[in-house]
Amino acid sequence: IVSPLKSDTKRSGSSPNKTKQKRKAKSPSKTSKKAKVKSTAPVERTQSFEPAWWGNVLTAANDANTLHSHASNVPIPMPTKARSTSSRVYPPVHTLILGTHPSIKSLERNEMYGHALNSFWYIAGDALGFRRSAAVSPKTGKPYVYFHEHLRHGNHEILEYPRQLERLVEKGFAIWDIVAECEREGSLDADIKDDVANPIREFCEGTLDDTGSEHLSIRRIVIANGTTGAKSFVKHFADWFVDGKLYAANDEMSQRAFKPVMNKARKANGSHLEEDMNNGSLIEVVCLPGVSPAAASKTYLQKREAWESFCYEPGLVDYEKWSKSRQTLERTPSKQTKPRSPRKPASPSKMPAIRIISSDLATLAPENDWVDLEVPPQELRPSATLTNGQCFNWSVVDSVSSTGGSAVAVSVTANGSPQKRSAWGTYDSKEWVGPLENRVISIREMPSTTLFRVLHGPEKGAKEDLQRYFRLETPLAPLYKEWSAADARLAKIAKAIPGVRILRQDPLECMFSFICSSNNNIPRIYKMLSSFRERYGALMIEIPTRQNGDDIGSLSLYSFPTLASLADATEDELRAMGLGYRAKFIIETRNLLVQCGDGYLLNLRSQKEQSKVQDELIKFSGIGRKVADCVALFSLDQDDAIPVDVHVQHIASRDYDPAVLGEAKSITPTIYKRVGDLFRDRFSSYPGWAHSLLFVAELPSFRGVLPVDMVREMDEWREHEQRKKQEKKAESKKAKS
């Protein structure tokens with residue numbers, strides 16, 4: 001039985017208890033003095049739970065025992081009601097509720113929102129027709145006064161945790177955490193350090209593991225821990241707002257929490273954002289009062305009113321709409337087949353990870369043999385050159401073959417984006433396939449050389465073109481030696497990571513690719529460019545793929561669009577493909593390139609002054625100094641160009657000049673030039689290449705090949721900088737108070 005909710009309830013933006021009573025000054029007790037002493041014990045990293053939705057809670061193969069395997073192995077009691085294995089159909093997930101990170105008590109109990117005084121499950125029970133517990137302290141036997149008198153359901157409606165979870169998700173709600181892993185003393189969100197976000201965007205877009213778009217119809221994301229949770233969400237997902245895919249709910253708390261990022265989103269998307277908000281095509285983000293016991297500024301009744309009004313009531317409306325549409329569909333005679341149960345294997349519309357197998361590629365163009373590039377490992381290692389973020393057109397090939405071998409990587413998802421295993425790293429892989437101008441080429445790294453095979457396009461001239469692409473006319477070993485003499489730290493990296501080269505890419509492809517890279521992550525860049533190629537490029541080849549065991553499918557590879565094929569492209573088309581605010585930049589850059597005439601970009605290769613090339617490129621929409629230097633270095637032979645982002649700034653600060661980290665909150669033009677000059681002054685030959693080698697060593701996928709002492713040093717410096725940042729923040733807060 002679901003309790004009726006008040007449809008006309010309006011959320012108040014202020015608390016009646018705003019006036020705070022002044023505490024009498026007291027001398028600190030021995031206990032409080034001890035509490036202020038910082039622990040010297042190392043803080044362990046904790047991991048969040050898996051996302052809880054009906055797909056991994058209500059299936060016969062998954063239950064609450066396996067759901068929380070990330071955090072703990074403590075067993076959870078099974079539901080009192082036997083789990084059904086029938087073909088019941090569940091609603092698409094409409095509401096995703098996000099905590100920040102599980103508390104210590106939640107991790108100990110292996111339950112989301114597991115603290116006995118957390119309001120979450122009490123509010124959920126009041127809205128969905130159950131009771132979390134008797135709300136009585138097991139130690140004192142006294143009721144929890146914060147909840148006890150206000151709960152709608154009696155003790156006979158108490159459910160154990162797994163059944164509470166089932167009741168929630170079967171109505172189309174899902175719960176997860178913003179932070180996947182972090183370091184934290186205690187359970188306060190404010191103490192979270194070195195945090196890594198969960199792939200929430202991938203979950204909502206249906207591209208994460210076994211989730212799919214037919215199972216998800218996310219209409220709202222609910223931030224469960226107030227403005228602190230909202231800050232964490234914006235920290236990790238500001239680009240999602242700026243892409244024009246999220247908007248702040250129209251209530252006072254949400255508007256206040258997301259005002260800065262919404263200003264950026266409006267600036268980036270213009271009138272398109274308001275139009276999309278009005279037609280319901282965006283995801284609403286709601287900031288609700290925190291349910292943690294620490295969030296005590298509002299009463300239980302105030303919290304419940306807000307949660308019912310902005311989470312459970314609209315969510316249940318979505319559920320009822322879906323339920324009625326299902327009933328109508330079942331009553332209407334139709335020749336259509338019965339919808340497949342979501343418990344069965346993935347449907348074709350989903351986008352699970354797929355595998356490209358080397359032995360399958362061997363069936364393509366079998367008449368074309370492997371050709372030796374005749375380049376030793378110290379001159380080229382594709383495993384370190386194709387995987388460091390300078391190009392986005394290569395996919396990893398699994399080394400499993402008909403003659404044996406072991407799988408080393410999964411490269412792409414069915415929509416062309418790479419598998420989630422690692423955003424950057426495929427250092428342990430040995431074969432790649434991808435479109436390169438008018439060919440599709442497979443590249444294989446061998447212990448003593450590099451081989452290639454043409455799968456599509458002319459064989460003639462392929463070796464010469466690849467030699468130009470990898471810039472093999474530039475000897476790398478002498479440069480490594482010269483750089484090592486100038487930098488002892490680079491000398492260690494050079495021994496661990498040989499053969500890192502700078503590519504000579506097609507300038508147009510490089511320019512548009514890095515426009516798409518702004519405020520973006522590697523999987524989404526791949527996905528955008530895959531859609532871009534498919535819409536405006538030419539089909540080159542279908543390569544065989546595998547998914548769901550031995551099922552054989554195919555992946556289409558397209559050439560990169562030309563200015564001619566983009567002539568009729570519109571901003572609306574590009575936005576519909578997921579490019580967001582970048583769509584405008586692509587169209588304006590195309591128009592300016594047409595005005596500049598044929599050969600404009602290629603002519604920049606002959607320009608001797610890197611700064612003049614940068615000045616030329618920043619005239620184009622969506623291209624700042626960093627993107628300009630990426631295009632210059634990776635496609636225009638501007639070997640003095642140093643693309644500077646926060647990671648490169650940190651390298652320069654740690655290794656060369658601490659002052660470049662400075663007090664500025666962003667990389668100013670002055671700091672940008674200063675950081676670049678530090679590399680140019682130290683490395684007189686090919687400083688852009690040397691900078692890239694140092695950058696590669698910072699990528700997570702290469703940590704395993706670096707000396708242990710170097711990795712430790714990198715971690716210690718990062719922790720030191722984080723402590724400085726926290727101390728500065730605390731001092732600033734103290735000064736304001």
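The first residue of the sequence shown is numbered 1, and numbering continues consecutively from there.
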When rounded to the nearest 0.5 Å, the distance separating CZ of Arg489 from CD1 of Ile651 is 7.0 Å
I want to check something: taking the side chain as every heavy atom from C-beta on, are Thr589 and Leu592 in contact at a cut-off of under 4.5 Å? no
Distance col, row Ile515:CD1 vs Arg582:CZ, nearest 0.5 angstrom, shows 10.5 Å
* Asked: Run the ring-ring contact (aromatic ring centres under 6.0 Å, His included) check on Phe620 and Phe585 step by step: do they pass?
  -> CA-CA 8 Å; Phe620 292 87; Phe585 300 154; over 10 Å; no
When every non-hydrogen atom of Ser635 is compared with those of Val631, the smallest separation belongs to OG-O, 2.6 Å
Pairwise side-chain contact, Cys182 with Asp194, heavy-atom cut-off 4.5 Å (strictly under): no
**Asked** Using 4.0 Å as the upper bound for N to carboxylate O, is an ion pair formed by Asp195 and Arg184?
**Response** no
Report yes or no: does Arg625 contribute a side-chain atom to a donor-acceptor pair with the main-chain N or O of Val644 at less than 3.5 Å?
no
Would you say that more than 12 heavy atoms from the other residues, nucleotides or ligands in this model lie under 6.0 Å from the CG of Asp709, or not?
yes
- Message: Please check this pair: side chain of Asn198 against backbone of Asp177, looking for a donor-acceptor N/O pair closer than 3.5 Å.
- Response: yes
Margin query: Any heavy-atom pair between the side chains of Phe452 and Leu436 that's under 4.5 Å?
Written below: no
**Message:** Check this for me: does any side-chain nitrogen of one of Glu571 and Arg575 sit under 4.0 Å from a carboxylate oxygen of the other?
**Reply:** yes
ask   = So, Glu721 and Arg718, do they make that salt bridge, N to O below 4.0 Å?
value = no
* To do: Measure from the side-chain N and O atoms of Gln390 to the backbone N and O of Leu503, and report whether any donor-acceptor pair falls under 3.5 Å.
  => yes
Q | N-O pairing of Lys673 and Asp677 below 4.0 Å | A | yes
Check ion pair Asp189-Lys231 (N to O, under 4.0 angstrom) | no
Leu188 meets the side-chain contact (heavy atoms from CB on, under 4.5 Å) criterion, sequence neighbours left out, with Asp191, Ala294
Could you walk me through whether Thr46 and Glu181 pass side chain to side chain donor-acceptor pair (under 3.5 Å), step by step? CA-CA 5 Å; Thr46 54; Glu181 58 178 88; over 6 Å; no
*His691 side chain to Gly688 main-chain N or O, any donor-acceptor pair under 3.5 Å?*
yes
field: Heavy-atom side-chain proximity of Leu563 to Leu508 below 4.5 angstrom
entry: yes
So the side chain to side chain donor-acceptor pair (under 3.5 Å) pairs with at least one residue in residues 505-515 (sequence neighbours excluded) are Glu509-Arg533
By side chain to side chain donor-acceptor pair (under 3.5 Å), Lys193 pairs with (sequence neighbours left out) none
Quiz item: Centres of the Phe514 and Phe392 rings: under 6.0 Å?
Solution: yes
Checklist entry - Can the ring centres of Phe241 and Phe237 be said to be less than 6.0 Å apart? => result no
Task: Donor-acceptor contact below 3.5 Å, side chain Thr385 vs main chain Arg501 - done: yes
| request: Test Phe560 against Phe532 for ring-ring contact (aromatic ring centres under 6.0 Å, His included), laying out the working first. | output: CA-CA 8 Å; Phe560 199 83; Phe532 192 56; 5.6 Å; yes
Salt bridge (Lys or Arg N to Asp or Glu O under 4.0 Å) filter on Glu374, not counting sequence neighbours, yields Lys463
query = Under a 4.0 Å N-O cut-off, is there an ion pair linking Arg471 with Asp639?
reply = yes
**Q.** Heavy atoms from other residues, nucleotides or ligands near NZ of Lys584 exceed 12 (cutoff 6.0 Å)
**A.** no
| query | Can a salt bridge be assigned to the pair Arg504 and Glu473 using a cut-off of 4.0 Å between side-chain N and carboxylate O? | reply | yes
Problem - Sidechain-backbone polar pair: Asp487 side chain, Trp483 backbone, donor-acceptor under 3.5 Å - result: no
Got Leu386 and Phe470 here, is their nearest side-chain heavy-atom distance under 4.5 Å? yes
- Task: Please check if any side-chain donor atom of Glu445 sits under 3.5 Å from a side-chain acceptor atom of Thr450, or the reverse.
- Result: no
### Message
With heavy-atom distances below 4.5 Å as the criterion, would you say the side chains of Ile642 and Phe695 are in contact?
### Response
no
message: For Met714, is there any backbone N or O sitting under 3.5 Å from a side-chain donor or acceptor partner on Glu698?
response: no
So Trp689 and Val500, side-chain contact (heavy atoms from CB on, under 4.5 Å) or not? Walk me through it.
CA-CA 8 Å; Trp689 293 44; Val500 178; over 6 Å; no
The reported gap from OG1 in Thr100 to CD1 in Ile223 (rounded to nearest 0.5 angstrom) is 8.0 Å
What one should report as the nearest heavy-atom pair of Tyr672 and Pro643 is OH-CA, 3.7 Å
Do Gln607 side-chain atoms and Lys612 backbone N/O form a donor-acceptor pair below 3.5 Å? no
Here the gap from Glu719 atom CD to Glu183 atom CD, rounded to the nearest 0.5 Å, amounts to 6.0 Å
Taking every heavy atom of Ala628 against every heavy atom of Leu617, the minimum-distance pair comes out as O-CD1, 3.3 Å
Rounded to the nearest 0.5 Å, the CG atom of Asp615 sits from the CD atom of Gln610 at a distance of 9.0 Å
Do Thr387 and Phe702 come within less than 4.5 Å of each other through their side chains, counting heavy atoms only? yes
By side chain to side chain donor-acceptor pair (under 3.5 Å), Arg703 pairs with (sequence neighbours left out) Asp715
- Around Tyr686, counting heavy atoms of other residues, nucleotides and ligands shown, do more than 12 lie under 6.0 Å from its OH? no
Q) Quick one: does Pro507's side chain get under 4.5 Å of Tyr600's, heavy atoms only? A) no
All heavy atoms of Thr228 vs all of Ala190, minimum pair found to be CG2-N, 4.5 Å
| field | Donor-acceptor pair, side chain of Glu431 and main chain of Arg444, under 3.5 angstrom | value | no
Interatomic distance, NZ@Lys527 vs CZ@Arg524, rounded to 0.5 Å, equals 7.0 Å
Quiz item: Would Leu273 and Arg266 satisfy side-chain contact (heavy atoms from CB on, under 4.5 Å), going step by step from the backbone distance to the final call?
Solution: CA-CA 6 Å; Leu273 185 66; Arg266 289 187 174 93; 3.6 Å; yes
In short, Glu616 meets Lys619 closest at the heavy-atom pair OE2-NZ, 3.1 Å
Minimal heavy-atom distance between Asp657 and Arg674, with the atoms involved, is OD2-NH2, 3.3 Å
- Asp465/Arg468 salt bridge by N-O under 4.0 Å criterion: yes
Sequence neighbours excluded, the answer for side chain to side chain donor-acceptor pair (under 3.5 Å) partners of Asp372 is Thr449
- Message: Check this for me, if you would: do Arg201 and Asp243 make a salt bridge, where the nitrogen-to-carboxylate-oxygen distance has to be below 4.0 angstrom?
- Response: yes
| request: Please confirm whether the backbone N or O of Ile671 pairs with a side-chain atom of Thr668, one donor and one acceptor, at under 3.5 Å? | output: yes
